[in-house]
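Chain identifiers are assigned alphabetically (A, B, ...) following the order of the sequence lines, protein sequences preceding nucleic acid strands; residue numbering begins at 1 within each chain.
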Amino acid sequence: AMVLAKQRKTNPRALAQEIIDALQLDGLATADIAGPGFINFRILPEAFAARATALLGDEKLGVPPVGEGKTVVVDFSAPNVAKPMHVGHIRSTIIGDSLCRIARFLSFKVIADNHIGDWGTQFGMIIHGWKNLLCEKALAADPISELVRVYRDVNAATKTDPTVLEVCKSELVKLQAGDPENLAIWQQCIDLSKAGLEKIYDSLDVKFDHWLGESYYNDRLAGLVDEFLAKGIARESNGAICIFSDGTKKPEDDPFMVHREEGWTDNPAIIRKADGGFLYATTDLATLQFRIDEWQADQVWYVVGVPQQLHFRQIFDAAARWGKTGDFKHVAFGSILGEDRKLMKTRSGDNVQLTDVLTEAVERAAKIIAEKNPDLQGSEAEEVARIVGIGAVKFAELSQNRLTDYVFAWDRMLALQGDTAPYIQFSSVRIRSIFRKLDAPFDATSCEILLNEEAEIHLARLHARFGELLPVVLEDFRPNLLANFLLELARAFHSFFEACPVLKSEEPLRSSRLALCELTGRILTTGLGLLGIRCPERM
RNA sequence: GCGCCUGUAGCUCAGAUGGAUAGAGCAUCCGCCUUCUAAGCGGACGGUCACUGGUUCGAAUCCAGUCAGGCGCGCCA
């Protein structure tokens with residue numbers, strides 16, 4: 001009551017008492033005054049019990065359909081073809097997939113689009129290498145590695161021999177002009193790369209609705225530039241076609257202005273090079289147009305690293321001037337740094353590959369399973385190792401704030417102890433174990449939840465929070481809030497598990513506790529599912 | 001030069017709209033398996049929230065400045 005008391009120039013504690021006297025809490029809570037004028041509401045256990053009981057019959061677990069009627073396109077992962085996915089790609093892929101799952105659960109119509117880099121200048125080198133350096137055997141064994149090798153060798157050759165660079169450029173020009181041979185090579189590269197990518201996405205349990213890469217928008221780019229010119233949004237400068245500031249914003253808020261030693265100066269987005277080629281910005285604008293016009297997108301979320309922030313500010317600004325309206329968000333994330341605290345560069349080549357991380361994760365999980373639960377054998381043990389290992393990697397990523405940079409470290413990414421997915425999965429396993437011991441089928445919908453022990457009340461309090469939390473997660477695109485909530489719920493369950501016997505308690509307590517277990521299990525598995533993490537039956 | 005992100009326990013990190021004694025995990029130490037899976041539970045230890053000012057009854061949180069790290073700023077993506 002302190003803020004209000006100040007406005008009214010009255011005593012805060014007295015005002016708090018007035019407020020309390022006027023309230024009708026109807027057995028929902030008690031209220032009392034504390035400190036300088038806080039009003040503390042204590043929700044009664046009966047109120048939490050009623051809430052939890054109601055949730056037992058709710059498919060959506062109290063989550064409101066805030067996305068009803070809205071279409072959102074989520075642009076994430078977007079690797080370049082003919083290059084392996086390294087650990088730097090993991091954030092976009094995992095965060096983006098999780099946002100898709102959460103948005104769907106909140107009743108958005110979600111379109112997951114993998115905007116792969118399948119039309120870059122790198123194809124000049126790849127095609128030249130394909131024609132001259134390709135080893136068929138190596139290509140058959142591991143296509144992406146061979147493509148990378150070829151690319152690297154050509155790239156190295158261009159450094160020493162300028163004629164190689166010229167040849168590469170002419171291969172690129174031929175490709176862009178529609179030369180059948182080069183197009184065929186290009187198409188093969190795409191197909192081989194996609195097959196490799198699909199394998200990783202399968203193991204990560206990540207799915208896309210579309211794979212509309214850069215090449216898909218090729219034939220729209222020339223028209224787009226013409227339109228920007230005709231509408232006066234872009235103009236020629238030094239031979240290139242550029243979008244400049246429209247002068248409506250203060251320079252410091254204008255993505256088309258930059259400050260250098262000499263003062264504020266133009267910082268245009270280039271949509272056509274002096275040589276006639278198109279760029280990243282051109283493709284992105286064409287892509288945005290397509291998503292709005294063809295897919296009727298109300299929102300577009302770009303799950304792309306923080307270094308591209310300026311690019312997206314320019315794209316969104318240009319789109320607005322172009323008349324493309326919608327709610328566009330750059331869901332930026334911090335960088336994964338190497339041991340030297342420098343950004344992991346794609347071109348440095350010695351980055352840790354994503355497949356190696358995933359393989360190692362599953363192996364470490366398998367080792368712990370063999371140690372902790374030797375009863376698990378064969379294919380079941382392998383399946384559990386995959387669920388636990390991959391889950392741990394995903395959770396390591398999703399449980400932290402997306403904007404913080406971090407130094408890649410195996411042990412941190414692969415931790416299976418502590419605040420990790422396995423901790424949460426284990427609580428779900430304990431719940432399933434209880435239900436396996438049950439002699440008769442249990443129907444929670446006809447149960448009433450009773451709360452007496454502190455551990456029970458704590459559980460029910462968390463149950464009530466799930467539905468409130470999920471919309472907040474999407475407000476700022478912070479799946480880590482969900483991850484942290486699930487840790488809290490799992491922690492609360494483990495405490496409950498130690499303190500409150502379920503099967504050995506007397507009715508009606510037994511049914512109540514079974515219902516608490518069922519509700520907890522449903523929220524845990526649903527919540528982990530929204531992070532793209534599965535729960536095993538046993539572990 | 002200007003802009004964006006980050007700075008919290010020995011280490012790795014949480015801390016939504018400003019609220020009361022700043023939280024987890026790892027590590028260290030002490031307890032708990034004849035009871036539903038000990039990948040667990042209970043407890044201890046550990047902090048000038050980078051620094052300096054300001055706004056406020058109240059600041060890790062908002063504002064200004066300083067320092068440190070990362071990133072970005074015309075024809076790559």
Side-chain angles (χ1 to χ4, degrees), chain A residues 2-3 5-6 12 34-38 40 78 80 117 119-122 214 237-242 251-253 255 257-275 277 279-281 283-284 305-311 313 332-335 337 341-343 346 365 368-369 371-373 375 388 396 399-401 403-407 409 411-412 415-420 422-423 425-427 429-438 469 472-473 475-476 478 480-481 483-484 487-488 491 494-495 497-505 513 517 538-539:
Chain A
M2 283 92 81
V3 175
K6 198 181 179 191
F38 293 107
N40 285 338
N80 286 322
W119 194 258
T121 43
Q122 78 269 25
E214 292 169 346
S237 169
N238 294 332
I241 306 301
C242 306
E252 56 268 34
D253 296 331
M257 298 297 284
V258 68
H259 193 281
R260 300 227 174 76
E261 273 98 89
E262 62 273 19
W264 289 102
T265 177
D266 286 317
N267 178 42
I270 300 174
I271 54 176
R272 195 173 75 199
K273 295 191 278 186
D275 70 6
L279 293 126
Y280 188 30
T283 315
D284 263 4
V306 83
Q308 315 235 13
Q309 196 198 69
L310 181 61
H311 166 75
R313 285 184 59 206
F333 52 84
S335 306
L337 309 177
R341 287 204 58 81
K342 294 284 177 196
L343 195 63
T346 318
I368 292 191
I369 289 164
E371 189 184 299
K372 305 260 185 191
N373 193 350
D375 291 349
V388 170
S399 60
Q400 91 187 298
N401 190 308
L403 285 169
T404 42
D405 295 350
Y406 65 86
V407 176
D411 284 344
R412 150 214 178 81
L416 301 169
Q417 307 287 328
D419 280 354
T420 61
Y423 178 86
Q425 289 165 327
F426 183 57
S427 60
V429 161
R430 280 179 143 181
I431 291 168
R432 292 189 193 199
S433 176
I434 290 173
F435 283 99
R436 263 199 305 276
K437 296 253 153 96
L438 222 50
L469 179 75
V472 176
V473 169
E475 270 169 30
D476 258 316
R478 299 192 306 168
N480 66 309
L481 292 182
N484 294 336
L487 280 172
E488 213 177 326
R491 216 173 275 134
H494 283 306
S495 297
F497 186 87
E498 303 281 339
C500 304
V502 176
L503 296 174
K504 294 200 169 152
S505 56
R513 287 183 173 170
C517 286
R538 298 169 230 268
M539 64 189 277

If we take the P atom in both B:C62 and B:A16, what is their distance in whole Å?
9 Å

Partner nucleotide, any strand, of B:G53 [Watson-Crick/G-U, under 3.5 Å]
B:C63

Provide a list of protein-nucleic acid N or O atom pairs under 3.5 angstrom, restricted to nucleotides 42-46 of chain B.
residue : atom : partner  : partner atom : Å
B:G42   : OP1  : A:Ser495 : OG           : 3.0

Kindly indicate whether the side chain of A:Asp284, heavy atoms from C-beta on, has any atom under 4.5 Å from the side chain of A:His311.
yes

Classify the nucleic acid contact of A:Ile270 as base, sugar-phosphate or nothing, counting any heavy atom under 4.0 Å across all strands shown.
base

Could you check if a side-chain atom of A:Arg538 sits within less than 4.5 angstrom of a side-chain atom of A:Asp375, using non-hydrogen atoms only?
no

Ring-on-base stacking between A:Phe38 and B:A20, under 5.5 Å between centres and under 30° between planes: is it there?
yes

Assign A:Tyr280 to base, sugar-phosphate, or nothing according to its heavy-atom contacts below 4.0 angstrom with the strands shown.
base

Could you tell me how far apart A:Leu310 (CG) and B:C71 (P) are, to the nearest whole angstrom?
16 Å

Gap in Å between the two C1' atoms, one belonging to B:U12 and one to B:G7, rounded:
14 Å

Hey, are the side chains of A:Leu279 and A:Arg272 touching, using non-hydrogen atoms and a 4.5 Å cut-off?
no

With both distances kept under 3.5 Å, what pairs with B:G58, Watson-Crick or G-U wobble?
none

Tell which nucleotide pairs with B:G46, taking only Watson-Crick or G-U wobble pairs whose two distances are both under 3.5 angstrom.
none

Considering only the P atoms, how many Å lie between B:A14 and B:A50, rounded to the nearest integer?
14 Å

Going by purine N1 to pyrimidine N3 plus the second Watson-Crick contact, or the G-U wobble pair, all under 3.5 Å, which nucleotide sits opposite B:C4?
B:G70

What's A:Ile369 touching, base or sugar-phosphate or nothing? Going by heavy atoms closer than 4.0 Å.
base

Tell me which nucleotide, if any, is Watson-Crick or G-U wobble paired with B:A20 when both distances must be under 3.5 Å.
none

Scan A:Gln425 against the nucleic acid and name what it touches under 4.0 Å (heavy atoms): base, sugar-phosphate only, or nothing.
nothing

A:Val388 side chain: which of B:C41, B:G70, B:A39 is closest?
B:A39

Residues A:Ile271 and A:Ala281: closest non-hydrogen pair is CG2-CB, 4.4 Å

How long is the line joining CD of A:Glu498 and C1' of B:C33, in whole Å?
9 Å

Using a heavy-atom cut-off of 4.0 Å across all strands, would you classify A:Phe497 as base, sugar-phosphate, or nothing?
base

Taking CD from A:Gln309 and P from B:G3, how many angstroms apart are they, rounded to a whole number?
13 Å

pair_partner(B:U34), Watson-Crick or wobble, both distances < 3.5 Å, evaluates to none

Should A:Leu487 and A:Thr420 count as side-chain neighbours, where that means a heavy-atom distance under 4.5 Å?
no

Reckon A:Asn238 touches a base, only the sugar-phosphate, or nothing at all at heavy-atom distances under 4.0 Å?
base

Take the protein atom CD of A:Glu252 and the nucleotide atom C1' of B:C2, then report the distance between them rounded to whole Å.
10 Å

Under 4.0 Å between any heavy atoms, over every strand shown, what does A:Ile368 touch: base, sugar-phosphate, or nothing? Just pick one.
base

Just call it for A:Asp411: base, sugar-phosphate, or nothing, with non-hydrogen atoms closer than 4.0 Å on any strand.
nothing

Could you tell me whether A:Pro307 contacts a base, only the sugar-phosphate backbone, or nothing, with contacts defined as non-hydrogen atoms closer than 4.0 Å?
sugar-phosphate

A:Asp419 with A:Arg491: basic N within carboxylate O range, under 4.0 Å:
yes

Would you mind reading off the distance between A:Tyr423 atom OH and B:A39 atom P, rounded to a whole angstrom?
13 Å

Testing B:G74, B:G15, B:A38 for proximity to the side chain of A:Arg430, the answer is B:A38

Expressed in whole Å, how much space separates the P atoms belonging to B:C63 and B:A77?
36 Å

By the 4.0 Å heavy-atom rule, please label A:Ala415 as base, sugar-phosphate, or nothing.
nothing

With a non-hydrogen cut-off below 4.0 angstrom, is A:Arg478 in contact with a base, only sugar-phosphate, or nothing?
sugar-phosphate

Can you measure A:Ile271 atom CD1 to B:C76 atom C1' for me and round it to whole angstrom units?
17 Å

Between A:Met539 and A:Pro422, the two heavy atoms sitting closest are CE-O, 3.7 Å

Mind listing the closest non-hydrogen atom pair of A:Ala483 and A:Ser399 along with its distance?
CB-CA, 3.6 Å

Is a side-chain donor-acceptor pair under 3.5 Å present for A:Gln400 with A:Arg412?
yes

Whom does B:G25 pair with, Watson-Crick or G-U wobble, provided both distances fall under 3.5 Å?
B:C11

When the P atoms of B:U48 and B:G10 are considered, how many whole Å apart are they?
7 Å

Give the intermediate values and the outcome of side-chain contact (heavy atoms from CB on, under 4.5 Å) for residues A:Lys372 and A:Phe426.
CA-CA 12 Å; A:Lys372 305 260 185 191; A:Phe426 183 57; over 6 Å; no

Pairwise P distance, B:U17 and B:U34 [rounded to whole Å]:
48 Å

By nearest atom, which of the nucleotides B:A14, B:C2, B:C5 is closest to the A:Leu403 side chain?
B:C5

A:Cys242 near the nucleic acid: base, sugar-phosphate alone, or nothing, with a heavy-atom cut-off under 4.0 Å?
base

Under 4.0 angstrom between A:Thr404 side-chain N/O and B:A14 OP1 or OP2:
yes

Measuring only the P atom in each nucleotide, how far is B:C5 from B:G23? A whole number of Å is fine.
28 Å

How is A:Asn484 classified with respect to the nucleic acid when contacts are heavy atoms under 4.0 Å: base, sugar-phosphate, or nothing?
sugar-phosphate

What does A:Val502 touch in the nucleic acid at a heavy-atom separation under 4.0 angstrom: a base, only the sugar-phosphate, or nothing?
base

For the P atoms, the ones on B:C11 and on B:C49, what distance do you get once it is rounded to whole angstrom?
16 Å

For the pair made of CG in A:Asn267 and P in B:G74, what is the distance, rounded to whole Å?
6 Å

Of all heavy-atom pairs linking A:Cys517 and A:Val502, the shortest is SG-CG2, 3.9 Å

Using the purine O4'-C1'-N9-C4 or pyrimidine O4'-C1'-N1-C2 torsion, is B:C71 syn (within 90° of 0) or anti?
anti

Check the phosphate of B:A39 against A:Lys372, side-chain N and O only, distance under 4.0 Å to OP1 or OP2. Yes or no?
yes

